[in-house]
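Reading through the structure tokens given below for one structure.
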Protein chains: 2
Amino acid sequence: MARAGLTPERLTLAGAELADEVGFEQVTVSALARRFDVKVASLYSHLKNSQELKTRIALFALEELADRASDAVAGRAGKDALAAFAEAYRGYAREHPGRYAAARLRLDPETAAASAAVRHSQMTRAILRGYDLPEPDQTHAVRMLGGVFHGYVSLELAGSFDHSAPDARESWTWIVDSLDALLRNRAAPHNRPSRKPRSTG
Amino acid sequence: MARAGLTPERLTLAGAELADEVGFEQVTVSALARRFDVKVASLYSHLKNSQELKTRIALFALEELADRASDAVAGRAGKDALAAFAEAYRGYAREHPGRYAAARLRLDPETAAASAAVRHSQMTRAILRGYDLPEPDQTHAVRMLGGVFHGYVSLELAGSFDHSAPDARESWTWIVDSLDALLRNRAAPHNRPSRKPRSTG
DNA sequence: CTAGTTTGCCTAAAATCTTTAGGCAAATAC
DNA sequence: GTATTTGCCTAAAGATTTTAGGCAAACTAG
């Protein structure tokens, strides 16, 4: 009987494709075995368990998304970079909803620390460099951007904005514009102190 | 043999409690049956299937969260209202992570339309009234707020901000402040037009 | 208070998924 | 060409979901 040529990598990629087709939740070891036309138990030579499959898909998606965002941001700064980054994010989620969902899987701290997740926050920080925020604020901004991008995209994917005007892309543009303005404001508090007016100089 | 007194309502509440204890993903009909010390099949007299259980928990959580947000916002306006709303959201997610996760379950359109989800967007719109945004912008803002709140809270719950300064609550305050400023800017473009300087009057 | 009806939880069983153990044959290595 | 390793297999057990049918407890009459 000819061998199927299974490897962890091929299984991961096929799992990612399956996720895009049927949803990340529906990715099971059984479904993957059917896709390769082998018996389920065979996959356990290549994967420790079902959790490892999901984790591998998540890591793969994080990497792919980071590559894409990295390409998008290359050579840009300020609002241009922000918009490109945001667009890479949204585009990936729309093209690969299953992989995007996978990228949101909760990883245990060590795995996360060794994953492309760190590239994501590094990129966010790089973009913020163009806005010249003082340090506690920069971290707040990293978290806010992570939150908005993830949150908005996830609401859009859930179909929350279907069947209602204006369409999701217009809102996305408006939000990116607004965030840019917000960050510029935070950077240069020349005449509108929005926090405690203490320690001004 | 004494009866357990199962009802859809009691099952839903117990399911919500279970979700907070072990995570919404881990809420199964079997686990719930064990909790009531009855056989699994017994639950199927009260629930159509596993999906219905999850949907009921989701609807319950949406309602509970809407009540809480509604109380928090009552009698407030402008930034006060925004901050109270945000705090209600974040507090609920922290106290009831399982229920919060349930509230994020994707509902089919009809179910969603008949759920407390509509109260959520109504409240958001009510808060935005204090900022006096023109119409396409108001919808964009509703979506942005939904996105930020959901996204940030979900990152915080995932533990993304653990073990790093500043703590999550500081960032939350900063974000709410920033959003308030952003919305005020969008409302009154008196001398800083951040969009196309066309159709100014 | 007893007879009839409804209701609630039960046993039984099938389908699917996860996971482990052990076997045989194909690929690889002298 | 034999020996070893590797890859996919069969078999089997445990868990979850869901359906079908049964028996007894709880209402509803007279």
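Protein chains get the first letters and strands the later ones, always in sequence-line order, with residue 1 at the start of each.
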Check this for me, if you would: do [X] and [Y] make a salt bridge, where the nitrogen-to-carboxylate-oxygen distance has to be below 4.0 angstrom?
X        : Y       : value
A:Arg106 : B:Glu25 : no
B:Arg56  : B:Glu63 : no
A:Glu156 : A:Arg94 : yes

side-chain N/O [X] vs [N] OP1/OP2, d < 4.0 Å:
X       : N     : result
A:His46 : D:dC8 : yes
A:Ser42 : D:dG7 : no
B:Ser45 : C:dC9 : no

Rounded to the Å, how far apart are [X] [atom1] and [N] [atom2]?
X       : N      : atom1 : atom2 : answer
A:Glu25 : D:dT17 : CD    : P     : 14 Å
A:Lys39 : C:dG22 : NZ    : C1'   : 17 Å
B:Leu11 : C:dG8  : CG    : C1'   : 12 Å
A:Arg3  : C:dA25 : CZ    : C1'   : 7 Å
B:Leu47 : D:dT19 : CG    : C1'   : 15 Å

Among B:Glu95, B:His96, B:Glu87, side chain to side chain donor-acceptor pair (under 3.5 Å) partner for B:Arg68: B:Glu95
If you count every heavy atom of other residues, nucleotides or ligands that lies below 6.0 Å from B:Asp162 atom CG, does the total exceed 12? yes
Check for a donor-acceptor pair, side chain of A:Asp71 on one end and backbone N or O of A:Ala74 on the other, with a separation under 3.5 Å. no
Per-nucleotide protein contact string for nucleotides 14-19 of chain C, where B marks a base within reach and S marks sugar-phosphate only (heavy atoms under 4.0 Å, - for neither): ---SBB
Ranking D:dC8, C:dT11, C:dC9 by distance to the side chain of A:Val38, first place goes to D:dC8
